[in-house]
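So that the names make sense, note that chain A is the first sequence line, chain B the second, and so on, each numbered from 1.
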Number of protein chains: 2
Amino acid sequence: MSSKFRVSTFAISIDGFGAGPNQDINNPLGVRGPELMEWFFATRAWKKMHGMPDGETGIDNEIAEHGLSGIGAWILGRNMFGPVRGPWPDESWKGWWGEEPPYHVPVFVLTHHPRAPITMKGGTVFNFVTDGIHAALEQAKAAAGNRDIRLGGGVSTIRQFLQAGLVDELHLAIRPVLLGTGEHLLHDIDLRALGYECWKSVSGERATHVFLKRG
Amino acid sequence: MSSKFRVSTFAISIDGFGAGPNQDINNPLGVRGPELMEWFFATRAWKKMHGMPDGETGIDNEIAEHGLSGIGAWILGRNMFGPVRGPWPDESWKGWWGEEPPYHVPVFVLTHHPRAPITMKGGTVFNFVTDGIHAALEQAKAAAGNRDIRLGGGVSTIRQFLQAGLVDELHLAIRPVLLGTGEHLLHDIDLRALGYECWKSVSGERATHVFLKRG
């Protein structure tokens, strides 16, 4: 198995939104955005990732665990690391996750603001990449070795990588909710023309999981 | 139970398309559009509707049967009755379905071309409504009595009725396929603002069924 660049367990609504509207420091996923994540919050995988006991086991959990395994590096858009409007890139901002973020591997954050890497507890190192998505992917590949690179989001970052034809695998968790407005994941992106096809669909407890890859 | 105006078992792709591109007389559902319908074609409900034996029973079939029961009238957009580009409204065109269409109740076809009603075998009567969606719904309600009115499509017709806030219930069958291009069902329609919510989600054999209604 060679290293893959993948989007895993990224949740969208029935109407195709990957984040709600009006994202800010109080609503990093946008208003109503957390409804997309409810399937994940319930799992043992999510709770373990955040140092909490218990959590549900089942299909959703199994898929979440699989999505988190074998990752050698992450790539995040700017808004995944810090608020759209807010104090960052103030040097005191070290992400949403406290002193020990749940990544435990190098994380490459796309931004226009140069900043020195930050080494956090537990193995997470935040690296700030100012020269675009191709550079971020190259650096992440070098860091990941033969493990996979996971693209965490947000929506606009995933859209950029998809449009550039760089993503090997895409797993979407379709949640049975309507957001109505927000950031649409696939609008005006022709995944079929880009060579993707859906090769598997699995019904979880709180989401339908569809797995796309390039043919 | 009072009469409801509903969209039932309308299939969309992962990327939200309700029909493929380049619809014409050879591709009434658009290129690749039939991929949306494969869940329905397999069911006993569909085969029975078209006078064929056998067909699968199971969750998809049960939902398809439920979607076809209790209907007192249908509303169809022009393109559901005849080809976008083609001979219709030539008087010889009597729809896609031959002499005995599978409706067996009055059908109200939205069009700009006045035409006398056509009585077909088996109880289907095609009525042509030239004065808009509200008029079509009024006529269909009068015909349906206390039974439901089903809106068959296509995409642009459903969009018009949704945007006018006229649809009571909407059942979508999300198919695990990518169409890439075509007619998008929900783009720029904020179902949440229109008062809809998803109250049920059911996994069938070949589609995930989500049920929306106004709160």
Check your understanding: Can you say whether A/Y196 sits under 4.5 Å from chain B via the side chain, the backbone, both, or neither, judging by heavy atoms?
Key ->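 Backbone plus side chain of A/Y196, per the 4.5 Å heavy-atom cut-off to chain B.
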Check your understanding: If you count heavy-atom pairs under 4.5 Å between each of B/L186, B/L185, B/I14 and chain A, which one has the most?
Key ->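 Result: the option with the highest number of such pairs is B/I14.
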Exercise for review: Specify which of B/D15, B/T181, B/L172, B/V177 makes the most heavy-atom pairs with chain A at under 4.5 Å.
Suggested key: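 With the most close heavy-atom pairs to chain A, the winner is B/T181.
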Can a salt bridge be assigned to the pair [X] and [Y] using a cut-off of 4.0 Å between side-chain N and carboxylate O?
| X | Y | answer |
| --- | --- | --- |
| B/R206 | B/E56 | yes |
| B/E35 | A/R192 | yes |
| A/D148 | A/R6 | yes |
| A/E38 | A/R175 | yes |

